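Because the structure is predicted, anything quoted here is derived from the model rather than measured. Chain A is the first sequence line, chain B the second, and so forth, proteins listed ahead of strands; every chain is numbered from 1. Reckoned from all heavy atoms, side chains included, excluding hydrogens, waters and symmetry mates.
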Amino acid sequence: MTVRTRFAPSPTGFLHIGGARTALYCWLESRRRGGEFLLRIEDTDRERSTDVAVQAILDAMQWLGLEADHAPVYQTHRLERYRKVADQLVAAGKAYYAYESKDEIEAMREAAMANGEKPRYNGYYRDRNEPLRDDPNRVIRFRNPSEGSVVFDDKVKGRIEWANAELDDLVIFRSDGWPTYNFAVVVDDIDMGITEVIRGDDHVNNTPRQINIYHALGGTVPEFAHLPMILDKEGKKLSKRTSAVSVMEYRDDGFLPHALLNYLVRLGWSHGDQEIFSRDEMIALFDVADVNKAASRFDTEKLAWLNQHYLKTDDPQVLAPELVWHLARAGADVTAGPAPAEVIVALRDRVHTLKEMAERAMIWYAPIVDWDDKAVAKHLKNDSAAGVLETAKALLAGCEWNPEPIHQVIEQVATKLELGMGKIAQPLRVAMTGTQVSPSIDHTIYLAGRTEALRRIDAAIEIASA
RNA sequence: GCUCCCUUCGUCUAGUGGCCCAGGACACUGCCCUCUCAAGGCGGGAACACGAGUUCGAGUCUCGUAGGGAGCACCA
């Protein structure tokens with residue numbers, strides 16, 4: 001039997017970090033075992049589902065490169081199927097109609113709680129055999145076994161046993177004519193031939209109910225793997241207020257998709273001491289059975305380290321389009337500056353994200369507007385600056401325009417004026433950038449281009465001798 | 001309240017009864033390198049939640065305690 005996994009988000013918002021990890025694990029598991037990875041959009045909540053969210057999720061999946069093997073399945077397209085299956089269940093006596101109003105159910109729940117019991121449906125219509133009637137409150141409830149227990153071997157959590165006495169007769173079809181989650185999931189997973197259900201562990205509690213429905217439907221119960229949650233830095237549930245939760249926010253913040261994936265795969269899973277995983281390595285080595293049981297915290301700093309690792313090791317030519325995207329966002333005219341691949345080489349040891357890189361690269365794509373007062377005072381307004389700039393300018397006007405010759409020019413200036421490198425590099429750095437910080441001075445000058453470099457030195461000489 | 005789940009450095013984790021007075025990585029930190037900032041190199045501090053038990057021997061097995069989490073919907 002071919003292994004089939006699925007990722008089944010409900011389109012009520014953007015794809016968030018936890019969902020992305022679930023999708024990644026589903027995808028990896030199917031890839032390693034030569035199976036298929038499917039996508040299902042769980043949009044039966046007509047109140048909260050939106051087309052915008054569907055598109056956002058699809059976009060994020062694509063950005064991450066988690067391609068599905070078939071077109072997505074939309075639950076809203078399958079209403080007829082759910083109806084048919086529910087009717088079969090009723091006909092077989094495995095489900096029944098019930099007519100309580102939501103208020104009555106609420107009262108039932110409160111009464112149970114007051115009694116120190118679990119809030120459950122009391123099964124009033126379970127064995128009444130009342131004839132079918134029209135009623136705005138009519139729902140279909142699943143006749144859950146009242147005795148025995150459900151046992152399953154979770155690939156992450158281990159053996160879990162649940163007494164049927166703890167379960168009540170859940171609604172599988174709402175009064176508005178739509179199926180509920182627990183029912184639709186099972187019907188879909190059977191129809192789609194899902195063999196491995198990998199999902200967040202907030203679903204552990206639903207699993208026994210679903211297994212009972214599998215049995216009632218005569219379906220083969222799949223393997224389950226419930227993934228622990230991802231918490232924020234404080235150990236709280238991830239929330240928009242405290243951290244970036246949307247996958248696309250990470251793109252906007254300058255992270256590479258494979259850096260995010262590498263971070264996510266190591267969050268809750270490991271392979272010895274290995275930290276860096278290529279896509280192929282992940283596929284070859286990942287196994288849901290090795291996922292940890294405990295929740296883990298999202299650490300942006302480690303993600304940043306990984307991101308820089310890929311910035312440093314990926315081919316600059318391949319990375320260039322990514323930087324261009326961020327440069328454009330930063331307002332740069334990319335045609336008015338150096339080749340992006342060269343900028344990457346100059347800055348990749350100094351930044352953690354592409355966004356940061358684009359911001360720093362602006363010194364080569366736009367004129368200096370903000371002069372750092374301290375930098376000017378310290379490195380331009382001193383006895384040697386003007387002379388250094390004049391000397392450098394003269395030599396730079398005629399040298400070959402590459403980092404190495406430019407470096408030689410700077411050394412010549414140092415020798416000629418009998419000054420240390422610090423006295424030479426800093427004034428030039430301020431001239432080039434308006435600040436005290438930049439990549440090595442030879443590269444900084446080189447990337448500015450000869451015309452612009454000389455122009456900036458002129459401007460700095462004016463300031464220095466003013 | 002009830003049911004289920006979880007617990008190794010600040011964080012992610014290695015560890016499947018002796019190889020562990022607990023290893024790696026991020027973060028922090030000292031030194032080196034150095035034209036700034038980084039990157040890099042070499043070091044450092046830092047953890048088995050607690051208590052019983054099983055065993056010659058427990059981070060590893062069992063049971064309790066404490067703490068944390070999830071669920072208990074006509075949401076998914």
Side-chain angles (χ1 to χ4, degrees), chain A residues 8-12 42-45 47-49 75 98 100-102 105-106 109 112-121 137-141 154 156-158 160-163 165-168 170-182 184-185 200-208 226 228-229 231 233 235-237 263 266-276 292-306 308 312 347-351 360 375 379 407 410 414 420-430 433 435-442 444:
Chain A
S10 58
T12 54
E42 309 218 325
D43 51 0
T44 51
D45 184 344
E47 298 285 308
R48 301 194 301 150
S49 299
Q75 291 191 320
E100 285 90 353
S101 68
K102 289 179 187 176
I105 296 295
E106 187 54 37
R109 200 169 291 134
M113 286 277 255
N115 249 335
E117 285 165 19
K118 237 173 138 162
R120 313 165 64 231
Y121 175 61
N137 290 326
R138 192 227 282 169
V139 299
I140 298 177
R141 284 187 181 270
D154 193 278
V156 173
K157 305 275 182 185
I160 293 176
E161 179 165 3
W162 215 285
E166 291 296 328
L167 273 21
D168 63 356
L170 72 157
V171 169
I172 58 174
F173 241 88
R174 297 186 230 152
S175 54
D176 67 1
W178 285 90
T180 59
Y181 166 74
N182 282 113
V185 166
D201 72 2
D202 45 334
H203 290 286
V204 172
N205 306 274
N206 291 323
T207 307
H226 287 97
M229 298 193 70
L231 275 15
K233 208 172 171 58
K236 303 281 182 201
K237 203 166 176 171
Y263 178 71
R266 274 289 284 106
L267 196 59
W269 173 83
S270 62
H271 181 258
D273 290 337
Q274 189 170 346
E275 296 288 350
I276 305 298
N292 284 155
K293 297 176 176 185
S296 41
R297 304 185 190 203
F298 193 90
D299 181 6
T300 311
E301 301 203 309
K302 187 159 182 184
L303 204 213
W305 170 76
L306 272 169
Q308 185 181 38
K312 288 192 297 185
L347 285 170
R348 64 187 175 184
D349 283 342
R350 299 172 165 77
V351 298
R360 298 245 198 139
H379 300 296
H407 184 75
I410 291 163
M421 280 299 273
K423 286 282 181 192
I424 310 299
Q426 285 306 79
L428 281 167
R429 198 179 318 272
V430 178
T433 69
T435 73
Q436 309 190 56
V437 179
S438 86
S440 63
I441 191 59
D442 42 13
T444 303

Between Val156(A) and His226(A), is any pair of side-chain heavy atoms under 4.5 Å apart?
no

Considering only C74(B), G24(B), G1(B), which nucleotide approaches the side chain of Asn137(A) most closely?
C74(B)

For Lys233(A) and A27(B), is the shortest distance between a side-chain N/O and OP1 or OP2 below 4.0 Å?
no

Rounded to whole Å, the CE-C1' distance (Met229(A) to C12(B)) equals 17 Å

Assess, by modelled atom type and distance only, whether the side chains of Ser438(A) and Thr433(A) contain a donor and an acceptor separated by less than 3.5 Å.
no

Separation of Leu306(A) atom CG from A39(B) atom C1', in whole Å?
16 Å

Calculate the interatomic distance between Asn205(A) atom CG and C72(B) atom P; express it in whole Å.
7 Å

Let me know the distance between NZ of Lys237(A) and P of C5(B), rounded to the nearest Å.
20 Å

Measure from the side-chain heavy atoms of Pro119(A) and tell me the nearest of G24(B), A39(B), A73(B).
A73(B)

Looking at every strand, decide which applies to Asn206(A) at a 4.0 Å heavy-atom threshold: base, sugar-phosphate, or nothing.
base

Are Val185(A) and His203(A) side-chain neighbours, meaning at least one heavy-atom pair lies under 4.5 Å?
no

Taking everything shown except Lys157(A) itself, do over 12 heavy atoms lie less than 6.0 Å from its NZ?
yes

For U54(B), what is the paired nucleotide under Watson-Crick or G-U wobble rules, both distances under 3.5 Å?
none

Scanning all shown strands, the Watson-Crick or wobble mate of C2(B) with both distances under 3.5 Å is G71(B)

Side-chain heavy-atom pair Tyr181(A), Thr44(A) within 4.5 angstrom cut-off
no

Could you give the CD1-to-C1' distance, from Ile410(A) to U34(B), as a whole number of Å?
15 Å

Nucleotide of G1(B), C4(B), C37(B) approaching Met113(A) most closely (side-chain heavy atoms):
G1(B)

Name the nucleic acid region contacted by Ile424(A), choosing base, sugar-phosphate or nothing; use a 4.0 angstrom heavy-atom cut-off, strictly under.
nothing

Quick one: do the Thr180(A) and Asn182(A) side chains pair a donor with an acceptor below 3.5 Å?
no

Pairing nucleotide - U7(B), Watson-Crick or G-U, each distance under 3.5 Å
A66(B)

Comparing Ser10(A) and Ser438(A) on RNA chain B - which has the more 5′ nearest nucleotide:
Ser438(A)

Quick one, Trp162(A) and Asn205(A) - any side-chain contact, counting heavy atoms below 4.5 Å?
yes

For a quick check of understanding: with a heavy-atom distance under 4.0 Å over all strands, which category does Arg109(A) fall into, base, sugar-phosphate or nothing?
sugar-phosphate

Which whole number of Å gives the distance between the C1' atom of C50(B) and that of U8(B)?
14 Å

Looking only at atom P, what distance separates C74(B) and G69(B), rounded to whole Å?
26 Å

Given that both distances must come in under 3.5 Å, which nucleotide forms a Watson-Crick or G-U wobble pair with U36(B)?
none

Short side-chain N/O contact from Arg297(A) to OP1 or OP2 of G10(B), under 4.0 Å
no

With C1' as the reference atom in both, quote the distance from G10(B) to G45(B) in angstrom, rounded to an integer.
12 Å

Taking only the P atom of each, what is the distance from G64(B) to C2(B) in whole angstrom?
16 Å

Rounded C1' spacing from C6(B) to A39(B) in Å
39 Å

Under 4.0 Å between a side-chain N or O of Thr44(A) and OP1 or OP2 of A76(B)?
yes

With a 3.5 Å cut-off and just heavy-atom distances, do the side chain of Glu275(A) and the base of G24(B) make a donor-acceptor pair?
yes

C6(B) OP1/OP2 closer than 4.0 Å to side-chain N/O of Lys293(A)
yes

Any non-hydrogen side-chain atom of Met421(A) less than 4.5 Å from a side-chain atom of Ile410(A)?
yes

Out of G1(B), C12(B), C35(B), whichever nucleotide has its closest atom nearest the side chain of Ser440(A)
C35(B)

C28(B) P sits how many Å from Glu301(A) CD, rounded?
6 Å

In whole Å, what is the span from the CG atom of Leu231(A) to the C1' atom of G69(B)?
8 Å

Choosing from C4(B), C74(B), C12(B), which nucleotide comes nearest the side chain of Thr180(A)?
C74(B)

Which base, if any, makes a Watson-Crick or G-U wobble pair with G59(B), both distances under 3.5 Å?
none

Which listed nucleotide (A76(B), U13(B), C35(B)) is nearest to the side chain of Tyr181(A)?
A76(B)

Here the pair of heavy atoms bringing Ser49(A) nearest to Glu42(A) is OG-O, 4.4 Å

Any side-chain N or O of Arg266(A) less than 4.0 Å from the OP1 or OP2 oxygen of A25(B)?
no

In whole Å, measure the gap between the P atoms of C35(B) and C20(B) for me.
43 Å

Report the C-alpha separation of Asn137(A) and Ser101(A) in whole Å, then their side-chain angles, then the decisive distance to 0.1 Å, and conclude whether the side chain to side chain contact (heavy atoms under 4.5 Å, CB included) test is met.
CA-CA 5 Å; Asn137(A) 290 326; Ser101(A) 68; 3.4 Å; yes

Measuring to OP1 and OP2 of C75(B), would you say a side-chain N or O of Arg174(A) lies under 4.0 angstrom away?
yes

Counting only side-chain N and O atoms of Asn292(A), is one of them less than 4.0 Å from OP1 or OP2 of U7(B)?
no

Asp202(A) (side chain) and G71(B) (base): donor-acceptor pair under 3.5 Å
no

Nearest to the side chain of Lys302(A) - C74(B), U3(B), A25(B)?
A25(B)

Return yes when atom CD of Glu161(A) has more than 12 non-hydrogen atoms of other residues, nucleotides or ligands closer than 6.0 Å, and no otherwise.
yes

Please check the phosphate of A14(B) (OP1 and OP2 only) for any side-chain N or O of Ser270(A) closer than 4.0 Å.
yes

Compare every heavy atom of Ser440(A) with every heavy atom of Asp442(A), then report the nearest pair and how far apart it is.
OD1-OG, 2.7 Å

From the list C74(B), A76(B), U36(B), which nucleotide is the closest neighbour of the side chain of Val437(A)?
U36(B)

Can you tell me how far C1' in C61(B) sits from the matching atom in U16(B), rounded to whole Å?
11 Å

Rounded to the nearest angstrom, tell me the gap between atom CD1 in Ile276(A) and atom P in U13(B).
16 Å

Does G43(B) have a Watson-Crick or wobble partner in any strand here, with both distances under 3.5 angstrom, and which is it?
U29(B)

Of Glu161(A) and Val171(A), whose closest RNA chain B nucleotide lies nearer the 5' terminus?
Glu161(A)

Among the nucleotides C26(B), A39(B), C6(B), which one has an atom lying closest to any side-chain atom of Asp299(A)?
C26(B)

What's touching nucleotides 43-48 of chain B from the protein side, N or O pairs under 3.5 Å?
none

Quick one: which of C74(B), C37(B), C35(B) gets closest to the side chain of Arg350(A)?
C37(B)

Rounding to an integer number of angstrom, what distance separates C48(B) and G30(B) when you compare their P atoms?
26 Å

